[in-house]
Amino acid sequence: MASEKGRGENGIKHTNWKVNSLIKKKGGGHSAADPSSPPQSSSRSPPLSPPGSVMSFSSEEGPAELKDPRIVFQNLHSVLDENIAFFRGQGSSEPACRFVAVFSLIQSHARSLEPAIHAFTSVYHVFDFDAATPANGYRSLVKVVLSCLLHIVHKGRYVSSSRRSLFFRASHNVTELESYCSALCQLRALVYFAQRLLTANRHGDLFFLEERGLSEEFVRQYASMHKGCFYERCMGFQFTPAIRPFLQTISIGLVSFGENYKRHQSGIGVAASSFFTSGKYAMDPELRGFEFERITQNLDVNFWKAFWNITEMEVLASLANITSTTVRVNKTLSVPPHSFELPLAADPRLHVTITPPVAHCGPAPVNMRLLSYELKEGQDSEELTSLVKQDGSSLNIDLRLKPRRGPPSKYLLVHFHGGGFVAQTSKSHEPYLKSWARELDTPILSIDYSLAPEAPFPRALEECFFAYCWALKNCHLLGSTAERVCLAGDSAGGNLCLTVSMRAASYGVRLPDGIMTAYPATLLTATASPSRLLTLIDPLLPLSVLSKCLSAYAGTEPMPQKRAEKVNTMSLVRKDTALLLRDFRLGASAWISSLLDNGRGGKNRGTDTVRKSVSEAALNAPQSDPVPLDSGVPGTSFSKKRDSLKSQTCQDLGSHTPFGTSPPGQQGALQSQDSRQQQPEDVSFFLTEDSEEGHPDSQLPLVVVPEVEEEPGFVLGPPRCPSPSSSAPQEFPEGFEPLRSDQLADMKLQTSPIVQNPFMSPLLAPDDMLRGLPPLHIVACALDPMLDDSVMFAKRLRAVGQQVSLCVVEDLPHGFLSLSQLSRETKDAANICVQRIREVFHCEAPPRTQRKHRKLERTNHGAGGVAGAEPGEEPGTVTSQPSVEIGA
């Protein structure tokens, strides 16, 4: 199949991705594709994958430079040398000095990164699930670094070909290069940290499973490292070009929403004001990055709950319904909290009592949504109608003739939505669920479980398990005979799929016939891994936000005190309207001022035909001119000083005062980390004689890095900066220091024992519990910070003999299912999930040996099982409790 090639931003070539028609097995740990290759897609459905195999996305016809890091570095050095030589001959003008400085610093970073990248490429196959899958966090980190370098290469080539043009925008291009240089500096710090993980972890393990040490150090480093550069001009550079406009829109909406978050008391007021104030962030990438970093660092989980629930608004939900598939049945159900009985899978003559969820909130109805493309028998019954919740949330206009009831389906799909355990409902996931209902012709029951922090663990697990058991008992009301049942979920929902199945096994009830999880979270601890290093650059899963969500689910996030006030509706409307008009006036003023500033800037520069953004004009004030450069030293440093820019949000909410950082005027600019360095540092990637005993594979290189002393306590502040005369070990090689932020995150290492519970972190479950799981299909993302969760969980299941398949998609972010309507790439990835569900429905698996309930193991298997009944119970009934207490 010939691959289609498109050209993305800045002239960068990208190869559209397609599913390999065959799974290619290669020896020696080498796969059909390198992780730096762009993904492929296909309109055809992928072949069924056998249990325990992995289907990956690869590029068989991509550019050679994407497959060999040596070609990337060769092209990079060639472009840098040529541009440095040219601009050094242009005199001491400001644009020329900035070009020389940024190209020189990029070259210094590249020379230091090159040996580390080559060393990783020689060993990262050790951490793959198998030889057919180029997927693990080390590969992903290398791919991100190479992607950044390729963007710089193509931008450098553009500068080389256009720098003599009359219309060449020198300031715009050098600012983009400076942004990518800042990103490369931070990626260099992540590479150094990944080297230490490679040394400290056991052979083949991706997680550093100790609570202290590297995990704590990474959280501390994250709290102080500069991250705004990844949210400015190079937002989402590692993803497919079709996703980048969406990510930029999300970032603009996020910072606008944050500016208006506490100024309005109604959701429509916040949304409307955010729309009118978004103009300045659309035109000013630097201000957007500054605000994005501040919001992700400091705002609490309730802000993220409110922002992610924007998709629940009636206006947006109605628009999504118009563009999505029309289904015959879309009903919101409210199941009362009544106990019922289910037969035991090992002995149907015995029954187990399923009790309603009670954790934290007491007994309460469980809400769920039933979707079906065609009306099936039982879906219009009076019994089901009595459970319908009339909330007016869904308005489906079906102009087709009144349907006749079809026969019930043999299949049933039970779905658990994602949202970090704190946000969203089935309404947010309706667009792709409706598409699934049509393609699978199967009723879908999506569970609206209670959300944290109001309902922390184990409330969501209890409700999902109760809903699953209720669906088994009442499948006739859902339009299904439930001959084959599949659980499906994404992110947090994938975690719930696994834990619900584990709880079903502990109760002894029927297990689902299979599970499909998309990018699941299997380890809910702040544990360092190479893929989790990407939380520093990921715009959808920053570590500070992820830790807040996990703390909320664990019940350790403090609940905010809500003031009880009497609110008059008319006063709310008047207040929001006044703020709305003010925001509209300020937004229009910002646009006009930016245009006027651009015009004045063009006259003052004379020959420098550059269009500057609002913040750039402020940052390049007369007192902030660059320091003259020493053109004789390749690694010459430069400092682009800028005034401290803060929006109204910073003035209202930015009460956190950092300490131990550089002055605000020094932040956000490219700084020199290589003042004492002209050659790459010497890093040992070879095993010593003493270390060979602890690693079975003598080919696995290690990085000899001194251990860092840990300070007592769990509140993680900025990293220590020892004096040059200090003998304390350094966290980074001598002469290098990553960019630091003046907006420190107040983060704590999650050490609560509850996160070690296997019903919260399935990766920590004992082997006996994992053996009780049904066949599992995992669809993961190569650039997802949660990739290592999927890889390590698949390895554990394979080690205990369970059926598992792993499919890794390239160049897509976490949460691609919710983006399935945005591009062909996300739609093709969503189709992979549909294919895995179809495999569960149509695969004729051998009969499974159901593990008996612990109380049944003590019986003599007599008729009715009376010997095993508790006093006061009816014969043939067992009131069970899970074999592992989930509330511990």
Side-chain angles (χ1 to χ4, degrees), residues 246 250 253 257 266-268 270-271 302 304-335 364-373 379 384 387-398 413-440 442-452 454-455 459-460 463-464 467-468 471 478 487-494 496-497 518 540 549 814-822 826 830 833:
F246 167 78
I250 288 294
F257 188 86
S266 64
I268 189 65
V270 175
N302 292 283
W304 297 101
K305 180 191 280 285
F307 178 72
W308 289 336
N309 283 336
I310 289 179
T311 53
E312 306 282 328
M313 295 177 58
E314 292 299 328
V315 176
L316 296 180
S318 300
L319 292 176
N321 284 334
I322 293 175
T323 59
S324 61
T325 303
T326 301
V327 295
R328 294 284 191 183
V329 179
N330 187 353
K331 298 180 177 181
T332 303
L333 309 179
S334 181
V335 177
V366 178
N367 297 324
M368 53 194 77
R369 184 181 301 272
L370 176 63
L371 298 170
S372 181
Y373 184 66
Q379 294 176 343
L384 184 69
L387 301 176
V388 173
K389 182 180 178 182
Q390 301 295 338
D391 56 357
S393 59
S394 298
L395 178 60
N396 290 305
I397 302 177
D398 193 348
L413 179 64
V414 181
H415 173 261
F416 307 128
H417 66 79
F421 302 102
V422 301
Q424 298 189 339
T425 65
S426 59
K427 183 192 293 188
S428 305
H429 298 253
E430 263 192 69
Y432 72 82
L433 288 179
K434 290 179 178 179
S435 176
W436 288 7
R438 180 189 62 187
E439 296 179 28
L440 297 170
T442 302
I444 299 177
L445 188 67
S446 184
I447 313 304
D448 289 329
Y449 53 87
S450 297
L451 302 173
E454 294 81 7
R459 182 70 188 199
E463 292 185 357
C464 290
Y468 165 73
L478 307 176
L487 297 186
D490 66 308
S491 190
L496 290 171
C497 288
L540 298 179
C549 294
H814 184 93
F816 66 77
L817 279 178
S818 298
L819 314 178
S820 58
Q821 296 179 318
L822 290 181
T826 54
C833 298

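Model, not experiment: these values are computed from the prediction. Because only heavy atoms are used, hydrogens play no part in the values below, and waters and symmetry mates are left out as well, while side chains stay in.
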With rounding to the nearest 0.5 angstrom, report the OG to CG distance, Ser334 to Leu387.
8.0 Å

How about Ser426 and His415: does a side-chain donor come under 3.5 Å of a side-chain acceptor?
no

Report the residues that fulfil ring-ring contact (aromatic ring centres under 6.0 Å, His included) with His417, sequence neighbours left out, ordered by chain and then residue number.
His429, Tyr449

Between the CG atom in Asn367 and the OG atom in Ser450, the distance rounded to the nearest 0.5 Å is 8.0 Å

Hey, what do you get for CZ (Phe257) to CH2 (Trp308), rounding to the nearest 0.5 Å?
12.0 Å

Quick one: side-chain hydrogen bond (donor to acceptor under 3.5 Å, both in side chains) partners of Thr442, sequence neighbours excluded?
none

Assess the residue pair Cys833 and Trp436 against the criterion (side chain to side chain contact (heavy atoms under 4.5 Å, CB included)); give the C-alpha distance rounded to whole Å, side-chain angles, the decisive distance to 0.1 Å, and a yes or no.
CA-CA 9 Å; Cys833 298; Trp436 288 7; 4.0 Å; yes

Heavy-atom pair of closest approach, residues Ala518 and Leu817
CB-CD1, 4.0 Å

Decide side chain to side chain contact (heavy atoms under 4.5 Å, CB included) for Glu430 and Ser446; before the verdict, give the C-alpha distance in whole Å, the side-chain angles of both, and the deciding distance to 0.1 Å.
CA-CA 9 Å; Glu430 263 192 69; Ser446 184; over 6 Å; no

Fit a plane to each ring of Trp304 and Phe307, take the angle between them on a 0 to 90° scale, and name the class: parallel (under 30°), tilted (30 to 60°) or perpendicular (over 60°).
perpendicular

Listed by chain and number, what are the ring-ring contact (aromatic ring centres under 6.0 Å, His included) partners of Phe416, not counting sequence neighbours?
none

Measuring from atom CG of Leu333 to atom NZ of Lys389, what distance do you get when rounded to the nearest 0.5 angstrom?
10.5 Å

Measuring only between side-chain heavy atoms, which start at C-beta, is Leu496 closer than 4.5 Å to Phe421?
yes

Residue list, salt bridge (charged side-chain N to carboxylate O under 4.0 Å, His left out) with Lys305, at least two apart or on another chain:
Glu454

Student check: side-chain heavy atoms of Phe246 and Thr826 closer than 4.5 Å:
no

Please walk me through it: do Arg328 and Gln379 pass side chain to side chain contact (heavy atoms under 4.5 Å, CB included)?
CA-CA 10 Å; Arg328 294 284 191 183; Gln379 294 176 343; over 6 Å; no

Heavy-atom nearest pair, Ser372 first then Val327, reads O-CB, 3.4 Å

Stepwise side chain to side chain contact (heavy atoms under 4.5 Å, CB included) check, Val388 with Thr332:
CA-CA 6 Å; Val388 173; Thr332 303; 5.9 Å; no

Can you name the residues that form a side chain to side chain contact (heavy atoms under 4.5 Å, CB included) with Val366, not counting sequence neighbours?
Pro357, Met368, Ile447, Glu463, Phe466, Ala467

Taking ring-ring contact (aromatic ring centres under 6.0 Å, His included) as the test, write out the residues that go with Tyr468, two or more places apart.
none

Please report the closest heavy-atom contact between Ala488 and Leu413, naming both atoms and the distance.
CB-CD1, 3.7 Å

If I take atom CG from residue Leu371 and atom CG from residue Asn330, how far apart are they, to the nearest 0.5 angstrom?
5.0 Å

Please find the pair of heavy atoms, one from Ser491 and one from His814, that lie closest to each other, and give the distance.
OG-NE2, 2.9 Å

What one should report as the nearest heavy-atom pair of Val422 and Cys549 is CG2-SG, 3.9 Å

Between OG of Ser428 and CD1 of Ile310, what distance do you get to the nearest 0.5 Å?
10.5 Å

If you take all heavy atoms of Leu445 and Ala471, which pair is closest and at what distance?
CD2-CB, 3.8 Å

Taking C-beta and beyond as the side chain, do Arg369 and Leu433 meet within less than 4.5 Å on heavy atoms?
no

